[in-house]
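This report refers to the structure that appears directly beneath it.
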Amino acid sequence: MRVRALHDWPRSPAEAEAIQDRLRAAVRVTGELSGVRAVAGLDVAYANDGSDDLVAAVVVLDADTLEMVDSAVVAGTSTFPYVPGLFAFRELPALVDALERLTTTPDLLVVDGQGVAHPRRFGLASHLGVLTEVPSIGVAKTPLGRYEPPGPRRGDWTPLLDGAEVVGRALRTQDGVRPVFVSVGHLVDLDTATDQVLRLAPRYRLPETTRQADHLGRAALVR
DNA sequence: GCGACAG
DNA sequence: ATCTTGTCGC
């Protein structure tokens, strides 16, 4: 698929924040999604040897069968330090490379990380949504904001808050498991994002998109 | 000012 | 993210 090129790459955290503040204006947190046939899952695996080597993996699943119909794996190196809030700049280049190697264009991106549930409302999922102009949602394993525990059953959720503002949801995807943290990336609304995550997680805590991308990525790590 | 802080 | 043993459960 085609992805808008990464322009003016930041050389410092301050520059990275400025880029987020500039691009966030493009984010649309509405949209109902019709005819989703192919859903992409994106994940990055890191080398276990202390280096900055990494592998970005993208899978595309059939929305109904959840079977893989396309995939891409690329090796890369993170050139930006890990700073919460600027996490996207570690994984963006490799993930964009991987997306460009897909032979298909997915209808939805499911990203391992936050969307607008972010201090500047522009997490990795939003960033990728804006660069691709494809609807995107963030599914994180831990939150940046605060929340009250949702009910114990699959489908139960509570708002994820940044101060008084609702930025996403703590969503229980299976009975009795820890919730995942869903937020809008771009071009979808929060109800739709929640529905999609539940549909993509029929059996495990994490959506199949994330799981399959994770498996592919770590299998590609050399050791 | 201090602590917390996606992967 | 990644380093790790055993353990509980289907």
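Every value quoted in this text rests on a predicted model; they were computed, and no experiment measured them. Naming convention: chains lettered A, B, ... in sequence-line order (proteins, then strands); numbering from 1 in each chain.
A distance of 6.0 Å or more separates the ring centres of Phe80(A) and Phe87(A).
Residue contacts for Pro143(A): at a heavy-atom cut-off of 4.0 Å it reaches the sugar-phosphate backbone alone, with no base atom in range. Among the heavy atoms of the strands lying under 4.0 Å from Leu124(A) is at least one base atom, whether or not backbone atoms are also near. Leu86(A) comes within 4.0 angstrom of a base, heavy atoms only. Using a 4.0 Å heavy-atom distance criterion, Gly138(A) is classed as making no nucleic acid contact.
Under the 3.5 Å distance criterion, the side-chain polar atoms of Gln114(A) are matched with a main-chain donor or acceptor of Thr142(A).
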Contact pattern, 5' to 3', of nucleotides 5-10 of chain C - B, S or - by protein heavy atom under 4.0 Å: ------
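The shortest distance between the side-chain N/O atoms of Arg146(A) and the OP1/OP2 oxygens of dC5(B) is not below 4.0 Å. Taking side-chain N and O atoms only, Thr142(A) has no distance below 4.0 Å to OP1 or OP2 of dC5(B). Contact annotation: Tyr82(A) side-chain N/O to dA1(C) OP1/OP2 distance is not under 4.0 Å. Contact check, Lys141(A) against dA6(B): no side-chain N or O comes under 4.0 Å of OP1 or OP2.
Note on ring orientation: taking the six-membered ring where Trp is involved, the planes of Phe89(A) and Trp9(A) are perpendicular (angle over 60°, cut-offs 30° and 60°).
Thr210(A) and Asp43(A) share no donor-acceptor pair across their side chains, judged by distance under 3.5 Å alone.
As a whole-Å value, the separation of Phe181(A) CZ from dA6(B) C1' is 11 Å. Rounded to a whole Å, the CZ atom of Arg120(A) is 17 Å from the P atom of dC5(B).
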